[in-house]
**Q** 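Pasting a structure here, questions to come.
The analysis underlying the following values was restricted to heavy atoms, covering all of them including side chains, and did not include hydrogens, waters or symmetry mates.
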Amino acid sequence: MPGLVVDIVDLPQQAGSTKNIHLEEPAPADLGTEVIGVQKGTPVVLDASLTSVEDGVLVRARTRVHIHGECVRCLRDLDEDRTIAFDELYLLPEARAAQIAQGDEEAEGFFLVGPTSLDLEPALRDALVLELPFRPLCRPDCAGLCSQCGERLDDLEAGHSHEVLDPRWSALAGLLTDADRPQSGGAGTDDPVPDGAGVQAPAPTGAHSCREEA
């Protein structure tokens, strides 16, 4: 059987009959979320007990996987081995149809027993997503990245900052041409600027701290 599909041909339909399985398969694609999950091709080790019940098969499984992701604040790699446990009832097609006909809306969300097999991948996928953090962090108080240089603030010395000049300086500098700029040693143009004339430029704002709440 490919992937996480298991054979149930030898599982008796008599209620209470059991079958134990052990799988070691490469992970399928998209097993997780956009920011954290199981990388495609990494090992998935699954042990499960399949039990025949009146309306289908009850699966009780434990799966060992390697989780990889990135901290959403500082982009540090996150790696962790984790065990995902899930219990899932797979209904026989006729049993689910009967429950839906009786008005049981939840029955539509149950997985189906195949003619000769069970696909455990959807059940593992649902259980894994519930276990993964929505916004993974390397630690709860991660300071994130410096908005100026892009380095991790936790890796920089205390008081790390960048000098940020008032942007009005660059605007004033653009008003002057080379001919308007004073020459060294005194007036260097045909039309010297009279005393008191000209534009008073604002003072620079000074240093700007980069340690902000990420």
**Q** Which pair of heavy atoms, one from V113 and one from G56, lies closest together, and at what distance?
**A** CG2-CA, 4.2 Å

**Q** Within a reach of under 6.0 Å around CD of Q13, are more than 12 heavy atoms found that belong to other residues, nucleotides or ligands?
**A** no

**Q** Among the clusters formed by ILVMFWY side chains lying less than 4.5 Å apart, do L23 and L118 turn up in the same one?
**A** yes

**Q** First locate atom CG of L91, then atom CG of L112, and finally report the distance between them rounded to the nearest 0.5 Å.
**A** 7.0 Å

**Q** Can you tell if the side chain of K19 reaches within under 4.5 Å of the side chain of I8, non-hydrogen atoms only?
**A** no

**Q** Got a donor-acceptor contact below 3.5 angstrom from the Y90 side chain to the D119 backbone?
**A** yes

**Q** Flag the pair N20 / S49 as yes when at least one side-chain heavy-atom distance between them is below 4.5 Å, and no otherwise.
**A** yes

**Q** I'd like to know if the side chain of R96 and the backbone of F110 have a donor-acceptor N/O pair within less than 3.5 Å.
**A** yes

**Q** Run the side-chain contact (heavy atoms from CB on, under 4.5 Å) check on F111 and L120 step by step: do they pass?
**A** CA-CA 9 Å; F111 300 116; L120 302 183; over 6 Å; no

**Q** For Q102, which residues count as a side-chain hydrogen bond (donor to acceptor under 3.5 Å, both in side chains) partner, sequence neighbours excluded?
**A** none

**Q** Backbone N or O of P12 within a donor-acceptor pair of the S52 side chain at under 3.5 Å?
**A** yes

**Q** For C138, does its backbone N or O pair with a side-chain atom of R73 as donor and acceptor, under 3.5 Å?
**A** no

**Q** Output the distance between atom CD1 (I84) and atom CG (L128), rounded to the nearest 0.5 Å.
**A** 5.0 Å

**Q** Would the number of heavy atoms belonging to other residues, nucleotides or ligands and lying under 6.0 Å from CG of D30 be above 12?
**A** no

**Q** Evaluate I67 against L78 for side-chain contact (heavy atoms from CB on, under 4.5 Å), listing each step before the verdict.
**A** CA-CA 8 Å; I67 304 296; L78 304 176; over 6 Å; no

**Q** Under 4.5 Å between side-chain heavy atoms, counting indirect links through other Ile/Leu/Val/Met/Phe/Trp/Tyr residues: same cluster for V59 and V53 or not?
**A** no

**Q** Start with the C-alpha distance between L46 and V6, add both sets of side-chain angles, then the distance that settles side-chain contact (heavy atoms from CB on, under 4.5 Å), and finish with yes or no.
**A** CA-CA 11 Å; L46 183 147; V6 297; 5.8 Å; no

**Q** Filter on side-chain hydrogen bond (donor to acceptor under 3.5 Å, both in side chains), then keep only pairs touching residues 54-67, sequence neighbours left out; what's left?
**A** H66-D79, H66-D81

**Q** Same cluster or not: are L89 and L124 linked, directly or through other Ile, Leu, Val, Met, Phe, Trp or Tyr residues, by side-chain heavy atoms under 4.5 angstrom apart?
**A** no

**Q** My understanding is that only residues two or more places apart in sequence, or in another chain, count here; which of them pass side chain to side chain contact (heavy atoms under 4.5 Å, CB included) with Q39?
**A** T42, H68

**Q** Which heavy atom in A85 sits nearest to a heavy atom in A127, and how many Å separate them?
**A** O-CB, 4.4 Å

**Q** Look up atom CZ in R135 and atom OG1 in T33, then write down how far apart they are to the nearest 0.5 Å.
**A** 12.0 Å

**Q** Work out which heavy atom in L11 is nearest to a heavy atom in S17; give both atom names and the distance.
**A** CD1-O, 3.8 Å

**Q** Please lay out, stage by stage, how L31 and R125 fare under the test side-chain contact (heavy atoms from CB on, under 4.5 Å).
**A** CA-CA 6 Å; L31 194 59; R125 189 181 300 276; 4.0 Å; yes

**Q** Linking I/L/V/M/F/W/Y whenever their side-chain heavy atoms sit closer than 4.5 Å, directly or via other members, would L137 and L132 fall into one cluster?
**A** no

**Q** If you round to the nearest 0.5 Å, how far is CZ of F86 from CG of L130?
**A** 12.0 Å

